[in-house]
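Beneath this line is the structure, given in structure tokens, with notes to follow.
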Amino acid sequence: MLALSDRRGLAQFKHTPFACHSNMVCTVGIEALQAPACFKLGKRTPFRSGKARCLTVHAVRLQTVDEPVSRRQALQGLALLAATGAIPQQALAAGKSAEVGSYLPAAGTAGFSDFKPDKSKTPALRSGVINGSDSYSFEVPSNYREVGVANIQSGNFCMPNCAEPWTEVVFADDKEGKIQLLVAPLQKLTPKANATIKDVGNIESLVQSFGPYITGTNLEDEDVLAKNVMDINGRTYYEYESYAPYGTNGSHQLSRATTKGKCAFLFVSSASDKQWPKGEKHLRQALESFRV
């Protein structure tokens, strides 16, 4: 099992059909790399078919196939790969957490659980970047599981002075999709302190700022199916529905954005084409319940 630590030049790669040999690890459609690749055990260079340029990477040997692997070692290995983007974060859910309905309080909506983090839940809450006594809340389908967020994605290494967006929490179900909350320092969008989302921009202009975080790649204007401005308890939210088949977060996306204090919040529900028929109703309700 190999982990990547250098992603330079990834834009040069193309999606090319291929097959891995038996002594290689095959990573196809991984979220961070956006390209399939074979990595020979013990080597440092990915093998790719077609004319795609090779990328030199640093590989970390975690365990050989004939050595005993404990559950803890397996989870540590998965966490390392997830942190580098070599496997989707959802893959950690099955081995790391129970369905949220088994420990979160029931919501007013049947089949959902209420989620409101305590002050120690995330790096942003622990550091005070997000006010722990009055933060955010939403409903989670009770069959979903919480997915671990790697340090590099959670902002744990840069709090309380992160200059880039980070992921607060992620919940997912393999058959339905996932919901996640991303947060950005407000100064990344505007120099105005305590700006409302209307101060930052209108719903049309901000879709391009939010697009990469909604889809995982980018968002074309023609892929935005609907936009809506909502005022809830005196706070303005921008909502978007989009269909981006090239998106790494799933081709169907529902998102809601707002601001508070020093932060901009982006809640995203997403699913693949296969997941959408089963997960759409749950994903829409999760989005509807999101409050800051």
Requested in this report: Take K178 and N249, measure what side chain to side chain contact (heavy atoms under 4.5 Å, CB included) needs, and give me the verdict at the end.
Outcome: CA-CA 8 Å; K178 71 177 178 181; N249 285 336; 3.5 Å; yes
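- Although no hydrogens or angles enter the test, the distance criterion places a donor-acceptor pair under 3.5 Å between the side chain of Q253 and the main chain of S251.
- Salt bridge absent: E288 and R284 never bring a charged side-chain N and a carboxylate O closer than 4.0 Å.
- With a 4.5 Å cut-off on side-chain heavy atoms, R235 and N233 do not count as touching.
- A 4.5 Å side-chain heavy-atom check between C263 and P185 finds every atom pair outside the cut-off.
- In terms of hydrophobic clustering, with Ile, Leu, Val, Met, Phe, Trp and Tyr side chains grouped at heavy-atom distances under 4.5 Å, L189 and F265 are assigned to different clusters.
- Side-chain contact check for I179 versus L283: some heavy-atom pair is nearer than 4.5 Å.
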Report task. Give the C-alpha distance, both sets of side-chain angles, the deciding distance and a yes or no for salt bridge (charged side-chain N to carboxylate O under 4.0 Å, His left out) between K121 and E146. Result -> CA-CA 12 Å; K121 176 66 177 176; E146 184 171 4; 2.7 Å; yes
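- With T215 contributing its side chain and G247 its backbone, the two residues share no donor-acceptor pair below 3.5 Å.
- Between E239 and K227 there is no salt bridge, since no side-chain N of the basic residue sits under 4.0 Å from a carboxylate O of the acidic one.
- Grouping the Ile, Leu, Val, Met, Phe, Trp and Tyr side chains by contacts below 4.5 angstrom, directly or via other members, places V224 apart from Y237.
- Remark: side-chain polar atoms of R145 are not paired, donor with acceptor, to backbone N or O of A172 under 3.5 angstrom.
- Residues Y136 and I197 are members of separate hydrophobic clusters, defined by side-chain heavy-atom contacts under 4.5 angstrom among Ile, Leu, Val, Met, Phe, Trp and Tyr.
- Salt bridge present: D134 and K260 bring a charged side-chain N and a carboxylate O closer than 4.0 Å.
- Counting only distance, with no hydrogens or angles, the side chain of T109 and the backbone of F112 share no donor-acceptor pair below 3.5 Å.
- Transitive grouping of hydrophobic side chains (ILVMFWY, heavy atoms separated by less than 4.5 Å) brings L254 and F171 into a common cluster.
- Put simply, CG on D173 and CD on E99 are 7.5 Å apart, with the number rounded to the nearest 0.5 Å.
- Checked by atom type and distance alone, the side chain of T167 never pairs as donor or acceptor with a backbone atom of V169 at under 3.5 Å.
- Contact record, V200 with L186: CG2-CD1, 4.1 Å, taken as the closest heavy-atom pair.
- A distance-only check finds a donor-acceptor pair linking the side chain of T258 to the backbone of T236 [under 3.5 Å].
- With hydrogens and angles ignored, the 3.5 Å screen pairs no side-chain donor or acceptor of S142 with any backbone N or O of G101.
- A donor-acceptor pair under 3.5 Å is absent between the side-chain atoms of S205 and the main chain of G201, judged by distance alone.
- No donor-acceptor pair closer than 3.5 Å links the side chain of T190 to the backbone N or O of Q187.
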Requested in this report: List the steps, then state whether side chain to side chain contact (heavy atoms under 4.5 Å, CB included) holds for Y246 with N218.
Outcome: CA-CA 9 Å; Y246 49 81; N218 63 296; 3.9 Å; yes
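- In this structure, E139 CD and L287 CG are separated by 11.5 Å, a value rounded to the nearest 0.5 Å.
- L182 has its side chain out of reach of E168: every pair of non-hydrogen atoms, C-beta onward, lies at least 4.5 Å apart.
- N143 CG to S102 OG: the interatomic distance, rounded to the nearest 0.5 Å, is 11.5 Å.
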Query - Check against side chain to side chain contact (heavy atoms under 4.5 Å, CB included), E176 and H282 - result: CA-CA 8 Å; E176 295 191 13; H282 277 171; 2.7 Å; yes
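- The minimum heavy-atom distance between I214 and S242, with the atom names listed, is CG2-OG, 4.0 Å.
- In terms of heavy-atom proximity, C162 sits nearest to G155 at SG-O, 3.5 Å.
- Of all heavy-atom pairs spanning V183 and I130, the tightest one is CG2-CD1, 4.2 Å.
- Side-chain contact check for V129 versus W166: some heavy-atom pair is nearer than 4.5 Å.
- Taking the ring centre of F267 as origin, the terminal cationic atom of R256 falls outside the region bounded by 6.0 Å and 45° from the ring axis.
- Checking side-chain atoms of Q275 against main-chain N and O of D174 turns up a donor-acceptor pair under 3.5 Å.
- What you find for A286 and F138 is that their closest heavy atoms are O-CB, 4.3 Å.
- Applying the ring-ring contact (aromatic ring centres under 6.0 Å, His included) test to H252 and every residue at least two apart in sequence or in another chain returns Y243, W276.
- Placement of F290 and F210 in two distinct hydrophobic clusters is found when ILVMFWY residues are connected by side-chain heavy-atom separations under 4.5 Å, directly or transitively.
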Query raised in the report: After noting the C-alpha distance and the side-chain angles of V100 and F115, does the key distance pass the side chain to side chain contact (heavy atoms under 4.5 Å, CB included) rule?
Result: CA-CA 9 Å; V100 299; F115 175 75; over 6 Å; no
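- Counting heavy atoms from C-beta outward, R126 and K119 have side chains that stay 4.5 Å or more apart.
- Considering all non-hydrogen atoms of both residues, L125 and D118 come closest at CD1-O, 3.4 Å.
- Note that OG of S137 and NZ of K116 are 6.0 Å apart. Values are rounded to the nearest 0.5 Å.
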